[in-house]
**Q** 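Dropping the structure in here first, questions after.
Note that the coordinates shown come from a computational prediction; the quantities given were computed from them, not determined experimentally. Quick note on labels: first sequence line is chain A, next is B, and so on, each numbered from 1.
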Number of protein chains: 2
Amino acid sequence: MKQYDHPLAQDLQLPCLLYALSDPFRLEVVRKLALCQPQPCAPLQDGRPKSSVSHHFSVLRKAGIIRTEVVGVTHMNSLRERELEERFPGVLRAIMAVAMAESAQG
Amino acid sequence: MKQYDHPLAQDLQLPCLLYALSDPFRLEVVRKLALCQPQPCAPLQDGRPKSSVSHHFSVLRKAGIIRTEVVGVTHMNSLRERELEERFPGVLRAIMAVAMAESAQG
DNA sequence: CCGTTAGTTCGAATATAATCGAACTAACGG
DNA sequence: CCGTTAGTTCGATTATATTCGAACTAACGG
């Protein structure tokens with residue numbers, strides 16, 4: 001049951017985090033994760049091919065935004081909220097608040 | 001003395017803003033503007049060719065992050081802080097706080 | 001051990017963005 | 001009106017991302 005590598009919080013880069021969140025699909029994944037954690041990739045696919053979804057999860061992982069744990073046959077994803085809050089105080093929180101508000105009205 | 005078009009605050013998109021700030025050079029421009037406003041492009045060039053600088057300023061303008069006013073022969077740039085704060089509460093503020101902290105230590 | 005499920009990796013195609021020099025423009029100073 | 005300054009626009013090149021299908025892998029269920 002091999003696991004993933006996750007960068008240390010101290011090594012995360014702000015531009016990299018912003019870049020990861022600048023894609024609408026990835027932002028939506030993060031928003032949905034904020035509402036329900038942890039969650040496998042599958043329910044977040046939104047009609048895309050698996051290889052594309054896998055790519056986007058990989059970008060989020062490398063940016064330090066999500067943590068993925070292999071549990072049996074599924075890969076459970078969650079936000080690294082505490083670490084991000086410590087490393088980049090207020091950033092994810094503010095972005096999520098806006099993303100939630102946007103999606104609430106449409 | 002023709003001026004620039006600036007998108008309305010209500011039309012700004014969060015992914016577009018995050019994308020604009022995800023480039024280290026642009027983030028640095030915004031950080032420096034936060035410290036001294038308004039400012040022309042030239043002192044923010046940091047050794048790059050003018051065409052490249054111009055491109056990055058254009059990205060920031062289209063994302064709604066900066067406003068550029070033509071004043072005589074120079075183009076004065078400032079942050080659209082109030083509008084951004086209203087449209088995306090806390091987002092720019094949090095990002096700037098982190099950017100300032102990063103640049104303080106190196 | 002076989003099939004299924006969940007997701008990754010590969011490789012090629014396409015799209016998007018960054019970079020730079022060169023030519024351009026608009027405003028001012030003399 | 002000429003030169004200078006500040007920045008834009010153009011066009012080509014290169015770099016970086018995204019996309020997708022196909023082949024792969026690891027774990028579980030029977």
**Q** What is the distance, to the nearest angstrom, from the CG atom on B/Leu60 to the C1' atom on D/dG7?
**A** 15 Å
**Q** Going by heavy atoms in the side chains, are B/Leu12 and B/Leu84 under 4.5 Å from each other?
**A** yes
**Q** Give the nucleotide from the list D/dG21, C/dA22, C/dA18 with an atom nearest to the side chain of B/Ser51.
**A** C/dA22
**Q** Take a 6.0 Å sphere around NZ of A/Lys32 and say whether it holds more than 12 heavy atoms from other residues, nucleotides or ligands.
**A** yes
**Q** Check the phosphate of C/dT19 against B/His56, side-chain N and O only, distance under 4.0 Å to OP1 or OP2. Yes or no?
**A** yes
**Q** Does B/Gln37 form a side chain to side chain contact (heavy atoms under 4.5 Å, CB included) with B/Asn77? I'd like the steps, not just the answer.
**A** CA-CA 7 Å; B/Gln37 270 176 90; B/Asn77 302 284; over 6 Å; no
**Q** Nearest whole angstrom, please: distance from the C1' of D/dT8 to the CE of B/Met76.
**A** 18 Å
**Q** In whole Å, I'd like the distance from the CG atom of B/Asp23 to the P atom of C/dT16.
**A** 19 Å
**Q** Take atom NZ of A/Lys50 and atom P of D/dC20, then tell me their distance rounded to the nearest Å.
**A** 14 Å
**Q** Ignoring backbone atoms, test whether B/Tyr19 places a side-chain nitrogen or oxygen under 4.0 Å from the OP1 or OP2 oxygen of C/dA18.
**A** yes
**Q** Tell me which nucleotide, if any, is Watson-Crick or G-U wobble paired with D/dA17 when both distances must be under 3.5 Å.
**A** C/dT14
**Q** Within the 4.0 Å heavy-atom criterion, would you say B/Phe25 contacts the bases, only the backbone, or no part of the nucleic acid?
**A** nothing
**Q** Quick one: which of C/dA18, C/dG7, C/dT19 gets closest to the side chain of B/Val59?
**A** C/dA18
**Q** Hey, is the side chain of B/Arg61 poking within less than 4.0 Å of OP1 or OP2 on D/dT8, counting only N and O atoms?
**A** yes
**Q** Identify which nucleotide among C/dG7, D/dA6, D/dA17 has an atom closest to any side-chain atom of A/Ala42, counting heavy atoms from C-beta outward.
**A** C/dG7
**Q** CG of B/Asp46 versus P of C/dT19: gap in Å, rounded?
**A** 12 Å
**Q** Please tell me which of the listed nucleotides, C/dT5, C/dG7, D/dC20, lies nearest to the side chain of A/Val73?
**A** C/dT5
**Q** Please work out whether the ring planes of B/Tyr4 and B/His75 are parallel, tilted or perpendicular, with thresholds of 30° and 60°.
**A** perpendicular
**Q** Before giving the answer on side chain to side chain contact (heavy atoms under 4.5 Å, CB included), spell out for B/Cys16 and B/Lys62 the whole-Å C-alpha distance, their side-chain angles and the decisive distance to 0.1 Å.
**A** CA-CA 9 Å; B/Cys16 183; B/Lys62 284 171 183 155; 5.9 Å; no
**Q** Return the nucleotide paired to D/dT9: Watson-Crick means purine N1 to pyrimidine N3 with N6-O4 or O6-N4, wobble means G-U with N1-O2 and O6-N3, both under 3.5 Å.
**A** C/dA22
**Q** What is the pairing partner of C/dG29, taking Watson-Crick or G-U wobble pairs with both distances under 3.5 Å in any strand?
**A** D/dC2
**Q** Counting only side-chain N and O atoms of B/Arg48, is one of them less than 4.0 Å from OP1 or OP2 of C/dT19?
**A** yes
**Q** Starting at CD of B/Gln45 and ending at C1' of C/dG21, how long is that distance when rounded to a whole Å?
**A** 14 Å
**Q** Taking only side-chain N and O atoms of A/Tyr4, does any of them lie within less than 4.0 angstrom of OP1 or OP2 on C/dT8?
**A** yes
**Q** For B/His75 and D/dA6, is the shortest distance between a side-chain N/O and OP1 or OP2 below 4.0 Å?
**A** no
**Q** What is the separation between atom CZ on B/Phe57 and atom C1' on C/dA18, rounded to the nearest whole Å?
**A** 16 Å
**Q** Apply salt bridge (charged side-chain N to carboxylate O under 4.0 Å, His left out) to residues B/Glu81 and B/Arg93 and explain how you reach the verdict.
**A** CA-CA 9 Å; B/Glu81 291 178 292; B/Arg93 218 175 340 120; over 6 Å; no
**Q** Among the nucleotides C/dC20, C/dA18, C/dT8, which one has an atom lying closest to any side-chain atom of B/Pro49?
**A** C/dC20
**Q** A/Thr74 side chain: which of C/dG7, C/dA26, D/dT8 is closest?
**A** C/dG7
